[in-house]
Amino acid sequence: MKSTEIKHNVQNLIDNFSKNEFVFDLLVAFGISKTSVTRLKKGDYNLSKVDGEILYKRKIFFKVEVSNKLLSSIEEVSREERIVKHQPRFAILTDHEQLVAKDLRLGKNLDIKLKELPNYFDFFLPLSGSEVYNATNNNEADRNASYKMASLYDLLIEENPTIYNTKPSIHNLNIFLSRLLFCFFAEDTEIFEQDSIFTNTLVQHTAENGKDTHKFLDDLFNRLNTENAAHLPKYLRKFEYVNGGLFGQKISSPKFTTKARKTLIELGDLNWKDINPDIFGSMIQAVVIPEYRSDLGMHYTSVENIFKLIKPMFLDELYDAYENATTISQLKALIKRISKVKFFDPACGSGNFLIITYKEIRVLEILILEKITDLEGSAPTIKFTEIQLSQFYGIEIDDFAHEMAILSLWLAEHQMNKVFEERLFDYGKSKPILPLKEAGQIKQDNAARLDWNAVCPITATDEVYVIGNPPYLGYKGWDVEQKKDMSIVFSSFKTVNRLDYISCWFKKGTDYIKGMNAKLAFVSTNSICQGEQVSLIWPYILKDLEINFANTSFKWTNNAKGSAAVSVVIISLRNIAERDKLIFDGNIKTFAKNINPYLTSGSNIFIQKRDTPISTLPEMALGSSGIDGGYLVLSKEEKESFISQDLNSDKFIKKFVGGNDFLNGIERYCLWIDDDKIEEAYNIKPIRDRIDKCEIYRLNAGRDARKAAEVPHRFFYRKYQSGESIIIPMTSSSNRNYIPVGIEADGSILSNGVFVIYNFSPYHFGILSSKLHLLWAKAVGGKMREDIRYSVNLVYNTFPFPDITTKQKENLNQYVFDILDERAKHPSKTMAQLYNPSTMPKGLLKAHQELDLAIEQCYRLQAFKNDTERLEFLFKMYEEMLQRDTLFAKVKPAKKVKK
């Protein structure tokens, strides 16, 4: 159960408070089955013989107490033998106005007004099994361990510079660190029988100067790999046989110094019981990646975000099966099913997705067994978990992350075994974790080149879920190996240079699940659903598959540096089926008959570039391009200097406007010299100097520039007409509610940082300034970082706008004039300031909203409910207009034949 659901449940029980039912409602709110709570009410599970008390083994002790005794009584309860012998997790006392509680395991106290309980619901999260997670990055224990581990790593590299300088040697160091981590966990979490046995033995059997520490560790790791230790010294025989492959490979430990040994002991003194294997692996991964060091504590995928993928992918459906099961045979069949499912992450990193999935499936198994117990009235025949680590598969290219994934899965298994035994205290048992068994099927390799079937074999009878957060990288950022990956994966495609690197996983995932009982869901850069990429990759994917569910663009915390700034989508694929699909947009969930590649409801369409507008709109073009090294462009000061040197300069200088100039109010100029005026211009010294420098620049630049060297006095590509023009910047912040559109006066030269329309009417400005146009640009245009990247061929020429009457045009013109009037009221503000959502003047916002309504009424009179409905309408209209164009092309009148 998600924490948000629990908080809602707790708020509900406070809003509908019942003194007699409070404690029972509280247990149900945290996911305890209603059947179990009913039996607790009847007294079957209540171990207290005192009237008015509830003692639920390993869960809670509860009673109503008078106000002046609440605080003193909670301390008495925590020491009372008849209560603590049943190991309740919480003691809760209340007078129905105030509530005091004590976590009897952690020793933490809570003292609040009862009505404030929804604000403190997380204190009781262990009742729901949620203690197996720490969903924030603020866990001090994790950070402390990471910092200490980083310090030890640096000390070992410093002391062993000639050893750790090759890829195989770094691999050995990674395995060595994994072994240390296992020993730290093992001595604090009862994997090793004796508490602190590793650290204590290290202290007792090594010299303070660290000179023999490596020998001790070699001997210890050898013992942990030796089944029969009768011949070994007594201090080593105290350790159990571990095996599992972790200690199988013979690797020499690095040399230690006094400081390194001291750091190792300090690591052992940390409380590793409080450290979370589900996030710690990613944090430790930052230890061995120097550029991640400044962000230690940020390098993991949050539990909340992982839930956004795994819940709609499989968890919700499995929980529905659990809730709907009414017989023991149905519940046992569900356990059998989940014990056979394969979970596969082909870019698993240090295992976050696999670990959280493993824990969730184990929690579900516990709930099923509890329900079986309730139905049978006695302990079920199933005593041990049926869920095995061998159901979990992964591929990871990074050596250390691969080792951490294996280790973290072992530790997660041990952690969940403890939860299993605690929750099913009457009968739940766990097989000893030592010796270690195989910890999942985690393969170190390049997932872009490896046959996924070789890692996670899939047959027609298997149930397989492919999950994860593969790497995403635009084509300009590919290195040599990634370019080779792309060429291998897309060998049958004509072009891949516009695709993101993550498309490798979508292509291979499509081939892997096609025709099988399998689904796929990846966190992805949202660019794969925008711009040219849609028409390049999605026709291949949707030929045999369909989008199962999609989570539209949101901010993601992942394993990358600066993770909080990444905008992503979640896309799930499945084989074509006659079942509804789901679109998640924030907290809104919408059912759809089909989800198109732009992640909206509608048929599968692929917006492709057009040379002319699909609607009745004037031509738009890119502004002028200099390829001049900046020598034909002038600042305001340079313009004034030219004129002061020679008044004739003025006739060859025009205002110059680029995207940044337009948005931020920057004043620039350029030299604009017609061919028939070159001789006159060249006689002006400052102009001659610039022309000469431009020629030299072009002669030494690329092929296009060299062509332009013959005419160094003018822009290479010139797009200029007399008269006013509409301009729209090539890039615009996606945070804005509108794309800033401008009207430039006659005589301005517009750069290739803007697009320009000549011969326009005011209402064309209104169309471009509308919310509908912004939504279209966001959906079908590309992105430059997080900004909207506007395009003539892909955005403007494909934008569907209906033919409208003269009266409608005049109406829109008036709304445009209102917008221009509102802008004029703020002459000191730049366009960027005017269109910043936090500083946009109220009058300007109101004028835009009124224009939006008028524009939308050109499409239909019925108001749109939301942006999703707006986009769906635009896509449908585009499709209809495309079909109309195709039809007209087929029925062109035949040419007359001359007699």
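Side chains included, hydrogens not; waters and symmetry mates left out as well; all remaining heavy atoms used. Here the structure is a predicted model, which is why all the values come from computation and not from measurement.
You'll find the side chain of K259 stays beyond 4.5 Å of the side chain of E159, heavy atoms only. Using a 4.5 Å cut-off on side-chain heavy atoms (C-beta onward), I251 and F221 make no contact. Between L450 and N446 the shortest side-chain heavy-atom distance does not fall below 4.5 Å. Looking only at side-chain heavy atoms (C-beta outward), I265 and T199 come within less than 4.5 Å of each other. Residues F344 and I395 form a side-chain contact, since some pair of their non-hydrogen atoms from C-beta on lies under 4.5 Å apart. Side chains of L599 and I571 form a contact here, defined as non-hydrogen atoms less than 4.5 Å apart. For the pair W478/D485, no side-chain contact is recorded, criterion being any heavy-atom separation below 4.5 Å from C-beta on. Using a 4.5 Å cut-off on side-chain heavy atoms (C-beta onward), L409 and I355 make contact.
If you take CG on N417 and CD on Q415, they are separated by 10.0 Å, rounding to the nearest 0.5 Å. Note: L354 CG to I442 CD1 = 5.0 Å, rounded to the nearest 0.5 Å. A distance of 12.0 Å separates CG of L315 from CD1 of I306, quoted to the nearest 0.5 Å.
Checked against the 6.0 Å centroid criterion, the rings of F343 and F314 qualify as a close aromatic pair.
We find that E317 and R574 are not joined by a salt bridge, their nearest charged nitrogen and carboxylate oxygen being 4.0 Å or further apart. Remark: E304 does not engage K308 in a salt bridge, criterion side-chain N to carboxylate O under 4.0 Å.
Here E365 pairs with R362 under the salt bridge (Lys or Arg N to Asp or Glu O under 4.0 Å) rule; sequence neighbours left out.
Inspection of the N526 and S553 side chains reveals an N or O donor paired with an N or O acceptor under 3.5 Å. No hydrogens or angles considered: a donor-acceptor pair under 3.5 Å links the side chains of T459 and D462. Judged purely by distance below 3.5 Å, without hydrogens or angles, the side chains of S169 and T166 pair a donor atom with an acceptor atom. D511 and Y540 share a donor-acceptor pair across their side chains, judged by distance under 3.5 Å alone.
Atom NZ of K514 has more than 12 heavy atoms from other residues, nucleotides or ligands within 6.0 Å.
A perpendicular orientation is assigned to the rings of F392 and Y358, their planes being inclined by more than 60° (bins at 30° and 60°). In this structure, F216 and H205 have parallel ring planes: the angle between them is below the 30° cut-off, well short of the 60° mark.
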